[in-house]
Amino acid sequence: MAKGITKRAQDYSQWYIDVVRKAELAEHSPVKGCMVIRPTGYGIWEKIQQHLDRMFKETGHVNAYFPMFIPESFLKKEAEHVEGFAPECAVVTHGGGKKLEEPLVVRPTSETIIWSTYKNWINSYRDLPLLINQWANVCRWEMRTRLFLRTTEFLWQEGHTAHATHEEAEEETMKMVRVYQRFAEDYMAMPVFVGRKTDSEKFAGALHTYCIEAMMQDGKALQAGTSHHLGQNFAKAFDVKFQDADKELKYVHATSWGVSTRLIGGMIMTHSDDNGLVIPPRLAPMPVVFVPIWRSDEQMDLVVGKAREITKDWDPLFYRIDDRDQYKPGYKFNEWELKGVPIRIEIGPRDVEQNTVVVVRRDTGEKIPMPMEGLREKLEALLEKIQQNLFTLAKQRMDENLHTVDSYDEYKQQVGKGGFFRVFLDHENPEVEAKLQEDTRSTVRCIPFDAPEEEGPCMISGKICKNRVIAAQSY
RNA sequence: CGGGGCGUAGCGCAGCCCGGUUAGCGCGCCUGCUUUGGGAGCAGGAGGUCCCGAGUUCGAAUCUCGGCGCCCCGACCA
């Protein structure tokens, strides 16, 4: 495997870029910071969309679309929101050859344009809850970019809901972060911590933010999805009121939640190895590739013909027969491994004679001889096994790199090596968080939901805290 | 915006310090033959604004000055 990709700790960034490039997922565009998603990468995004969209609809949401341009004044209506987003906004000042009366902001997120519209849609408690999602692109002018993880423009989904009560909005916020958790774990095979963001890390304009945090192979954290309880902040800023059953006029309660193409970056850094990309079966646009092996033209007809015969009733999106004549089998083996296809099937003259094929797992490299009969069912079962195995491996890695630390000295020593740290930290004190970040370049990733109850002194200030938080360096 | 590195064929790079044949190598590409169960071999071939500009010199990819662009590491963030 001399031509593979080497995953050394100090070269982790380079390794990541190599996987993205060599698997032909994406590349930088001529416009700095923007990304061209190639067909292979976009196919994975389509699978993510497909599963998530279904989960949203199962929980009562519908899709809609709102404009990309937002009048600058809209953004300014919610004070915290504008403060949080203004520095990273792209602004359009000219149109039709003339200077615009009011500049248009290219959406960094759509709360403002959506709430200015919801105002017209909501009059009565009978209009609630309003449960809408949109698939869109957004633009954030970040200083430093990295393919999939942080690009100037990126694709995402953003849900925006309106509710009659605080409790109902809270329930929605929690429900959606759990949907993200389920998606990450069951579809991406990526275990996550679920919890609440600290006040300094929460969404600009939210009461609080829930999130899922995943651990990459270098031990760094990746925020993989967020769900915000917006309270009545946007309803008040955009004057969205409804008349309740008790005849009172009330402001609605809002939530918003989103995940982005960053998930693809998370997938890469969770599963890929030195031979390239590893795609969890449920996200694989093409789960199975046949590599026929032949010597002569007659053998080629025989072997390729047999592969076509086996697959004649199969879903064409499930597999591909790689009958390209210009490459040798060894080349194809490596190429499909680089591109992360979960299962490769080798079929040669010997196999045809014995009515068997050789099935090769991308996750373990294991070669399994299988009879041609009932192959499709066996492959489905194996894909499920691979999916489970990838999750188990990632979960093991996360558990192994989860540390419980009480002394700040020890934390400072350990945190640079990667991993998540369960620590007592007075996250209600912004100075403590600021010191943590300055000393260690790490942050509180979340205050986890599913953690045992514990009490202890903050490792920086000594103040007694009711729960441990998860701290780590992050992307 | 700070600190480091780079810019030479489609891609990856050597050459530069110490100026001097026709600017070279690997991959890829084209042609032919042999190959095909883990990245094929041989032979022939195409492909260059040496980032841009100015200067020094008989002579610049190489030295000097100025510019532009990219990558990495920080501050900011999904």
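These values consider heavy atoms only, across backbone and side chains, with no hydrogens, waters or symmetry-generated copies. Chain A is the first sequence line, chain B the second, and so forth, proteins listed ahead of strands; every chain is numbered from 1.
Atom CZ in A:Arg21 sits roughly 8 Å away from atom P in B:G12 (whole-Å rounding). One interatomic measurement links the two molecules: CZ of A:Phe333 to P of B:G37, which rounds to 7 Å at whole-angstrom precision. Between the CH2 atom of A:Trp156 and the P atom of B:C77 there is a distance of 15 Å, rounded to whole Å. Taking atom CZ of A:Arg441 as the reference point, atom C1' of B:C77 lies 16 Å away to the nearest angstrom. Between A:Asp18 atom CG and B:C11 atom C1' there is a gap of 13 Å when expressed in whole angstrom units. Atoms CG (A:Leu338) and C1' (B:G39) sit 10 Å apart, rounded to a whole Å. Remark: P of B:G38 and CG of A:Asp274 are 21 Å apart, rounded to the nearest angstrom.
With distances taken from any side-chain atom of A:His28 to the nucleotides B:G37, B:C71, B:C77, the minimum falls on B:C71. Of the candidates B:C72, B:G38, B:G39, the closest approach to any side-chain atom of A:Arg344 belongs to B:G38. Listed nucleotides: B:C77, B:A75, B:G37. Nearest to the side chain of A:Met143: B:A75.
Taking the C1' atom of each, B:A60 and B:A54 are spaced 13 Å apart, rounded to whole Å. Here, B:U21 and B:C25 have their P atoms 16 Å apart, quoted to the whole Å. Here the separation of B:C29 from B:A61, taken at their C1' atoms, is 25 Å to the nearest Å. Comparing B:C70 with B:A23, their P atoms sit 31 Å apart, to the nearest whole Å. Spacing of C1' atoms, B:G45 relative to B:C51, comes out at 29 Å, to the nearest Å. Spacing between B:G47 and B:A9 at atom C1', rounded to whole Å, works out to 6 Å.
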Would you sort out whether A:Ile310 and A:Tyr319 count as a side chain to side chain contact (heavy atoms under 4.5 Å, CB included), showing the intermediate values? CA-CA 11 Å; A:Ile310 295 171; A:Tyr319 72 100; over 6 Å; no
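Contact annotation: A:Gln326 does not reach the phosphate of B:A40 (side-chain N/O to OP1 or OP2, under 4.0 Å).
Secondary-structure annotation of RNA chain B gives the stems B:1-7 with B:68-74, B:10-13 with B:24-27, B:29-34 with B:40-45, B:51-55 with B:63-67, with a stem taken as at least 3 successive Watson-Crick or G-U pairs whose two distances both fall under 3.5 Å.
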Taking only N/O atoms, report every protein-nucleotides 28-36 of chain B pair under 3.5 Å with atom names and distance.
residue, atom, partner, partner atom, Å
B:U36, OP1, A:Arg295, NH1, 2.7
B:U36, OP2, A:Arg295, NH1, 3.4
B:U36, O2', A:Trp294, O, 2.6
B:U36, O4, A:Arg295, O, 3.3

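In this model, no side-chain donor or acceptor of A:Glu346 finds a partner on the base of B:G38 within 3.5 Å. Residue A:Arg140 places no side-chain atom within donor-acceptor reach of the base of B:C77, judged by atom type and a 3.5 Å distance cut-off alone. Taking 3.5 Å as the limit, the base of B:G38 and the side chain of A:Lys367 contain a donor-acceptor pair of atoms between them.
In terms of the salt bridge (charged side-chain N to carboxylate O under 4.0 Å, His left out) criterion, A:Asp199 has no residue partners (sequence neighbours excluded).
Within a 6.0 Å sphere centred on CD of A:Glu366, heavy atoms belonging to other residues, nucleotides or ligands number more than 12.
Ring-centre distance between A:Trp257 and A:His61: below the 6.0 Å cut-off. Ring centroid separation for the pair A:Phe148 and A:Trp45 does not come in under the 6.0 Å cut-off.
Mapping A:Ala224 and A:Arg350 onto RNA chain B by nearest heavy atom places A:Arg350 closer to the 5' end of the strand.
In this structure, a donor-acceptor pair under 3.5 Å is present between the side chains of A:Arg445 and A:Thr443.
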